[in-house]
**Q** 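Can you read through this structure? Questions will come right after.
A note on names: the letters A, B, ... follow the listed sequences, proteins ahead of strands, and every chain is numbered from 1.
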Amino acid sequence: MHAFARLVARDVRLTLREGGAISTALGFYLVVVAILPLGLGPDLNLLSRIAPGVLWVSLLLAALLSVERIFHNDLEDGTLEVIALGPLPLELVAAAKSLAHWISIGIPLVIAAPILALLLNLPADAFWVLILTMLTGTPAISFLGAVGAALTLGLRRGGLLLALLVLPLYVPVLVFGVSAMNAVIVGPASFLSSYLILCALSLATVVLAPLAAAAALRLSLG
Amino acid sequence: MRLSVQDLTCVRGGRTVFEHLSFDAEPGKGVQLVGANGVGKSSLLRILAGFLPPAAGTFTLEGADEETPIGEFCHYVGHLNGVKRAFTVHENLAFWADFLGGGEVDEALDAFNLLDLRDIPAGLLSAGQARRLGLARLRLVERPLWLLDEPSVSLDEASRNILSATIEGHIAAGGLVIAATHLPLGVKFGQTLTLGAEGTS
């Protein structure tokens, strides 16, 4: 457990120190959300109706930008080889690095979401669902992203392939995240049923995705 | 501890790199791995470290716990240094000490003459200095089997002497060293393994 915590702490510190990944993700999120009303026109009703979907889709895209980094940098400078010889099984290495991605990229994006929601005229009573559903869904985004990152490791221009691989996997999280929010904003469906499925998706991903990511890492190290 | 390799075959990309390789590495006798480019020196080291599955054959570390992967008994120093550019020299080693379960960071830095650079970001190091930082792991964490792939690349003469002394110290203490190298290291290896056209000898 000690090595696991050290690895998470190292990755979070590296992301904070290098800085680029967080600001790119936040900047991208801001630009996508801000540019949409310009294209759609100033219809406030329309904007507030599509706000949950827009906020979720652009969050997925913003998170996707930095997913590649989860393993890529460590492979390039050789630290992944040394980590693989450590006491931690590769499954836990993958889990630690996914968790670090969630802490350093996922959480800042969730914090930014309510601010960006103001641009889209999200109804005031939906802000708490926005934060709650995103906090629940973003771990799945990081952990699924790690599988894609491990599969495309070592490929030239793996980033585009990564997006193709991972975005379809994000669909369930997107669907239930948005439907939980819509249940609160427009009703009449129950918030809880969508939200609990979202929780289940997230939990299952956190458990299963590291197994797949570790298998892919073994191939890349060979 | 003793490493025994039996009938190892390595296939990469459909091409047989070497086959039926058998040898024993005894404690107190380092193994020097020689051979032309592409005969599989690096592949052999990667197989022993557990990165690459062998196509056939087995290798065992006698005296080691069989449940534990062999990787956890070895140091692997490959072409890459395993150094994080954003961390300082000290932070780099401090992480490995924590993660791999090692000892005194400053001692390991001192052994490779890096103490003066302790708080410099590793991204600013020269190639030789970064190499020394990678090698300092050998001193930091005690592990019985050292797998070294061209360890002396980009080192100056003084640093190469430090490396030779470190390797000789490890061999004298009963450790196992398998080193692939083209440049003379100045280490007395007890055994030379030539990979080549014949396969093995």
**Q** Kindly say whether Ile141(A) contributes a backbone atom to a donor-acceptor pair with the side chain of Thr138(A) at under 3.5 angstrom?
**A**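 No; zero donor-acceptor contacts below 3.5 Å.
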**Q** Please answer whether the main-chain N or O of Lys84(B) pairs with a side-chain N or O of Asn92(B) as donor and acceptor at a distance below 3.5 Å.
**A**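 Side chain of Asn92(B) to backbone of Lys84(B): a pair is present.
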**Q** Select one option (side chain, backbone, both, neither) describing which atoms of Asp98(B) are under 4.5 Å from chain A's heavy atoms.
**A**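 For Asp98(B), the contact with chain A is made by backbone and side chain together.
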**Q** What part of Glu81(A) gets closer than 4.5 Å to chain B, counting heavy atoms only: side chain, backbone, both or neither?
**A**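 Its backbone and side chain both get close to chain B.
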**Q** Measure distances from Leu90(A) to the heavy atoms of chain B and classify the residue's part below 4.5 Å as side chain, backbone, both or neither.
**A**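 Neither part.
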**Q** Ignoring hydrogens and geometry beyond distance, is a side-chain donor-acceptor pair present between Asp149(B) and Ser42(B) at under 3.5 Å?
**A**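 On atom types as modelled, these side chains qualify, holding a pair under 3.5 Å.
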**Q** What part of Arg17(A) lies closer than 4.5 angstrom to a heavy atom of chain B: side chain, backbone, both or neither?
**A**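 Only the side chain of Arg17(A) comes within 4.5 Å of chain B.
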**Q** For His90(B) and Arg118(B), which I'm curious about, is there any donor-acceptor pair between the side chains at under 3.5 Å?
**A**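 Looking only at side-chain atoms, Arg118(B) and His90(B) do form a donor-acceptor pair, the distance falling under 3.5 Å.
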**Q** Side chain, backbone, both or neither: which part of Leu80(A) has a heavy atom under 4.5 Å from chain B?
**A**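 No part of it gets close to chain B.
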**Q** Enter the distance from Arg85(B):CZ to Glu76(A):CD here, rounded to the nearest 0.5 Å.
**A**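 Spacing of CZ (Arg85(B)) from CD (Glu76(A)) equals 10.5 Å.
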**Q** Side chain, backbone, both or neither: which part of Tyr76(B) has a heavy atom under 4.5 Å from chain A?
**A**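 Contact with chain A is through both the backbone and side chain of Tyr76(B).
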**Q** Under 4.5 Å from any heavy atom of chain A, what part of Phe87(B) do you find: side chain, backbone, both or neither?
**A**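 Both parts, backbone and side chain.
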**Q** His182(B) versus Glu150(B): any side-chain heavy-atom pair under 4.5 Å?
**A**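 Touching, per the 4.5 Å side-chain cut-off.
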